[in-house]
Amino acid sequence: MRNVWATILATWALLAVLAVLAWTRPQPTPASQNIPSAVVVKGKNGQSQLVVVQGGASPSHATTRTSPVPAG
Amino acid sequence: MIAAAQSSGAPVAWLVARAAGLVAFALLTASVTAGLALSTKLLGARRAKLLLGWHQTLMWTALAMVALHMGALALDPTIHFGLVGVLVPGAAPWRPIPVAAGIVGAWLMLALAVSFNLRRKIGQRRWRLMHYATFGAFAIGLYHALNVGTDVTGMRGLIFAGIFLAPVVWLVFARILMPRPRPRKTPLAPVVPAAPLISTTVEQPPRADRAAVPL
C-alpha cells in the first residue's frame, strides 16, 4: 500500500512540475513581426510592382488617417 | 508518443527530463531526511518502523524518476545523448563532468536501494558503512542539479539548494550533537554455583586496600 501511495505522490508531483515548466516556457515570437517582407502588387494597368513592407510597422488595420477637412 | 508530441512543436522529452530530474532529487532528499530522522532515534519504535519503510520506498521511487529522467534525455532529439550517453559516465558530449557526476550518482542510488534487500547477507556493519554513501549520492545529485539543471541557475539555484539542504544539514547536526540513548542492559542471569567453591587462584586484597582500588 505504501508503494501505491508513493507512486501516486510521485506521479502528481511530476505532472505538477511538468505543468509549471510548460506554462512558464518562453513562447517563440512570430517571425513575421520584425522582418521586412516583400509583396507583389498588381496595378490598374496590369503592371506588377514589388512593395517592401518594413518590419515592426504598425498594422494596417489598427488606425486610419483621414484627410484634413478642406477649408472654406 | 514523445516523437508525436515533439512534432507538434513542444519539446516534450526535454520538459519530462527536467521535471523528472527535479522530482527525483526531491524524493532523494525526502529519503535521506527520513533515514537521518531514524538514526537520531528521536522517534518511538512504532514510528521508526513506519519511517524505515518510507525511507526504502522513497529511495526506489526516486530511482524510478531518475530512470524516467535518463530515458527522456536518451529520447530527446535535440541533445542527442543516446542510451550510452545517459548510462556511461563521460560518454555524453554536453557538459561532460556534471553529467558524468549525475550518472555516477544514479548508479550509487541503485546500489544503495539494492543494499536494503542484501542487508542480512552483507552484514550490519558493512551495510552501515555502505549506507554512508547516501550522503555522497545526495551531494553528487545537488552538484549535478546546480551545474546542469537549466531551472536552478542564479538566485533560483540558491533557493533550491537552501530548501533541499536545510533539513539534511539540520538532521546531521542533530545526530552529531544530540546524546544518543544508551543501549539497554541485558538482565544478568542468576548465578547458580554448580559446585561448592573449594579454592580460588585470585588473591583478594585485604578489605582496607580494596576500598582504595578505583572502580
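Only this structure's heavy atoms are used, side chains among them; waters, hydrogens and symmetry mates stay out. The chains referred to below are lettered A, B, ... by the order of the sequence lines, with proteins before strands, and numbering in each begins at 1.
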K.L.:
Specify which of A:Val20, A:Val17, A:Leu15 makes the most heavy-atom pairs with chain B at under 4.5 Å.
P.N.:
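Highest number of pairs under 4.5 Å: A:Val17.
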K.L.:
With distance as the sole test, does B:His69 use its side chain to make a donor-acceptor pair with the main-chain N or O of B:Ala17 at under 3.5 Å?
P.N.:
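Confirmed, B:His69 side chain pairs with B:Ala17 backbone.
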K.L.:
Indicate yes or no for a side-chain donor-acceptor contact from B:His55 to the backbone of B:Ser31 under 3.5 Å, with no hydrogens or angles considered.
P.N.:
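Flag set: sc B:His55 to bb B:Ser31 pair under 3.5 Å.
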K.L.:
Taking it one step at a time, do B:Leu28 and B:Phe164 satisfy side chain to side chain contact (heavy atoms under 4.5 Å, CB included)?
P.N.:
CA-CA 10 Å; B:Leu28 174 66; B:Phe164 287 100; over 6 Å; no
K.L.:
Quick one: what part of B:Trp60 sits under 4.5 Å from any heavy atom of chain A, side chain, backbone, both or neither?
P.N.:
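Interface part for B:Trp60: neither.
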K.L.:
Select, from A:Thr7, A:Leu18, A:Leu21, the one with the greatest count of heavy-atom pairs under 4.5 Å involving chain B.
P.N.:
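Option with the greatest count: A:Leu21.
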K.L.:
Do you know which of B:Gly53, B:Ala62, B:Ala20 has the most heavy-atom pairs under 4.5 Å to chain A?
P.N.:
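The residue among B:Gly53, B:Ala62, B:Ala20 with the greatest pair count is B:Gly53.
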K.L.:
After noting the C-alpha distance and the side-chain angles of A:Arg2 and B:Thr57, does the key distance pass the side chain to side chain donor-acceptor pair (under 3.5 Å) rule?
P.N.:
CA-CA 7 Å; A:Arg2 191 173 50 233; B:Thr57 304; 3.0 Å; yes
